[in-house]
There are 2 protein chains.
Amino acid sequence: MAIKERPRPGGRSARVQQAVHDAVRELQEARAREALTVPQIAEIAGVTPSTIYRRWGNLSELLADVSLERLHPDEAPADTGTLAGDLCRWGEQYLEEMTSVPGRQALDDIMASKDASRRECCCRYSESIMQGLRERALTRGESVPSLTAMMDGIVAPMTYRLLYDPASATVENFERWVDTTLSSLASR
Amino acid sequence: MAIKERPRPGGRSARVQQAVHDAVRELQEARAREALTVPQIAEIAGVTPSTIYRRWGNLSELLADVSLERLHPDEAPADTGTLAGDLCRWGEQYLEEMTSVPGRQALDDIMASKDASRRECCCRYSESIMQGLRERALTRGESVPSLTAMMDGIVAPMTYRLLYDPASATVENFERWVDTTLSSLASR
DNA sequence: CGTCCAAACGCAAAAAGTTTGCTTTATGAG
DNA sequence: CTCATAAAGCAAACTTTTTGCGTTTGGACG
């Protein structure tokens, strides 16, 4: 029961995808942040440019595809004992990741993609992380905000700053957002 | 005392910029949402492609430039008598604008630009609008949230939804954000 | 297993887009 | 009015992208 993403996910197809992704990552870190071309990637991946064009359409979509993979949350945030602690811990790491050069780049690549579903995917990632922290807090017996409240109160401001005004995407601000969101809960 | 944006903003240069911008807008609404090329734009604008490349670098930057102009707030939001009313009124219009096809396109174009200063510009636009509404409310004697609170509580969630999950960028949600932001003020 | 269909790739030529060196135009200052 | 130079035009390289066609290779079915 393999996940049937594409009509034919078997051997070669998967190998090509892997090779191309690897090539992109290699070139991205090695050099050429700006000048990164499809023929170049094809060369290193050992494929023909036309293969890349046929599968991804253009460079932007390919980069977005690779970057989305990069941003995929691989492990659950650490357990610090409280929801506030977990959130701050996660935010700290996330901000560090996203304000780094490669992190920014990844975010930009995704935003540059015409395919809206990729952005929604980011949204789902964040939601599932928030949901995870919520449930953990609930089993501890903490009173927790709704998922919506967390998205609007924490994820949205953080993401907005990251995208539009990176200078204000700081840990201090993040803690403030957490604070506000959690305390607004108490006053109901 | 003309604004000295560029070394030589005089006649021809300005005319070319105007012609190119017009050509982009014309092509955008006329047809070809996707297939929109520099040589095509150059043709209609009556300029050489190389002129466009030298001034804007590439298609993405040109589109972003045109779109930023489109998003520039031209008039102050209507005065409804209360801050809540002004906000909702503005949000309603803004959401309508941004969920339309051309509006979405403009947003996407700006997000696709490599030049971060353009996004910051969007941020400043929003800030100045919020600040305008704040001051208007202050002269009325209303108690108003800080600019930061409005950006975090209203603009950020709205923008986040517009970008990542357009389906949830609704007027109902917007009113909720306004509500939450204004009422959190009272409980201090 | 062996056969067959079609998806995906390779190849190479053609088309389209982009860059660049040089020339010409025309703004803005003196 | 004259001059220096930013910006545009032009055309020839150059690079990337597209496309048609033949070949490979998963995966289904007998």
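Just so it is clear, the values below take in all heavy atoms, side chains as well, and ignore hydrogens, waters and symmetry mates. The chains referred to below are lettered A, B, ... by the order of the sequence lines, with proteins before strands, and numbering in each begins at 1. Only a predicted model underlies this, so the values are computations on that prediction, with no experimental measurement involved.
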Between A:E61 and A:R55, does at least one N-O distance fall below 4.0 Å, as a salt bridge requires?
no
Quick one: the side chain of A:S50 and the base of C:dC9, do they pair up donor-acceptor inside 3.5 Å?
no
Residues A:E92, A:R89: salt bridge by 4.0 Å N-O rule:
no
So which nucleotide from D:dT25, C:dC11, D:dA7 ends up closest to the side chain of B:S13?
D:dA7
Atom CG in B:D165, atom CD in A:E120: separation rounded to 0.5 Å?
5.5 Å
Can you measure B:Q17 atom CD to D:dA8 atom P for me and round it to whole angstrom units?
10 Å
Quick check on C:dA8: is either OP1 or OP2 less than 4.0 Å from any side-chain nitrogen or oxygen of A:R15?
no
Side chain of B:T37 - closest among D:dA7, C:dG17, C:dC9
C:dG17
So which nucleotide from D:dT16, C:dG17, D:dT18 ends up closest to the side chain of B:P39?
C:dG17
d(A:L27 CG, A:D22 CG) to nearest 0.5 Å is 11.0 Å
Would you mind reading off the distance between A:R12 atom CZ and C:dG10 atom P, rounded to a whole angstrom?
7 Å
Which nucleotide, D:dG9, D:dT25, D:dC21, lies nearest any side-chain atom of B:V47?
D:dG9
Over how many whole Å does the gap from A:L59 atom CG to C:dG17 atom P extend?
17 Å
Of the nucleotides D:dG20, D:dG26, D:dT16, which has the atom closest to the A:R54 side chain?
D:dG20
